[in-house]
Amino acid sequence: MKNKVKIAPPMSKPKSVTDMPASSKASSGEETKNIQFKVTPEKHNEIKSYAAERGLSLKELFLSFYENERMKE
């Protein structure tokens with residue numbers, strides 16, 4: 001049986017990919033779309049831990065990666 005790892009919420013204010021958190025944008029009436037893809041449970045835990053260690057949500061982490069990749073072009 002695998003042990004589940006509980007991740008505590010970040011102690012500091014999370015870094016934001018944009019000036020306004022994504023949750024605020026969604027509630028402001030801006031249309032949003034879902035992006036979904038499957039990963040193994042192990043990879044999900046690894047990515048989620050990586051994000052939590054940096055005080056980011058999964059969404060913020062992926063948006064940050066995307067923006068960083070776009071800037072390289």
Side-chain angles (χ1 to χ4, degrees):
M1 177 188 271
K2 294 184 180 182
N3 294 330
K4 291 192 176 186
V5 178
K6 290 189 177 185
I7 301 171
M11 300 302 272
S12 62
K13 183 178 179 185
K15 301 171 194 166
S16 181
V17 176
T18 61
D19 292 341
M20 184 186 305
S23 59
S24 296
K25 285 185 175 183
S27 63
S28 69
E30 185 176 323
E31 183 180 352
T32 62
K33 301 284 252 173
N34 287 335
I35 297 177
Q36 297 178 340
F37 57 94
K38 295 186 183 273
V39 295
T40 63
E42 293 80 15
K43 186 60 69 177
H44 179 268
N45 288 337
E46 182 181 331
I47 296 168
K48 191 169 184 174
S49 295
Y50 182 87
E53 288 167 359
R54 287 153 181 78
L56 299 170
S57 68
L58 289 175
K59 179 180 179 177
E60 291 169 327
L61 176 70
F62 283 108
L63 288 175
S64 173
F65 285 158
Y66 169 73
E67 290 298 329
N68 287 335
E69 284 298 312
R70 267 189 85 198
M71 298 304 278
K72 292 179 183 179
E73 294 178 358

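This chain uses plain numbering: 1 for the first residue, then up along the sequence.
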Distance (rounded to the nearest 0.5 Å) between L56 CG and L63 CG: 10.0 Å
Polar side-chain atom of E60 near backbone of S57 as donor-acceptor pair, under 3.5 Å: yes
side-chain contact (heavy atoms from CB on, under 4.5 Å) between E46 and V39, intermediate numbers included: CA-CA 11 Å; E46 182 181 331; V39 295; over 6 Å; no
By side chain to side chain donor-acceptor pair (under 3.5 Å) - contacts of K72 (at least two apart): E69
Partners meeting salt bridge (charged side-chain N to carboxylate O under 4.0 Å, His left out) with K38 (sequence neighbours left out): none
Those residues that, when tested against Y66, pass ring-ring contact (aromatic ring centres under 6.0 Å, His included) (two or more places apart): none
Residues forming a side-chain contact (heavy atoms from CB on, under 4.5 Å) with Y50, sequence neighbours excluded: R54, L61, F65
Taking every non-hydrogen atom, the tightest pair across K48 and L58: CA-CD2, 3.7 Å
Heavy-atom side-chain proximity of F62 to I35 below 4.5 angstrom: no
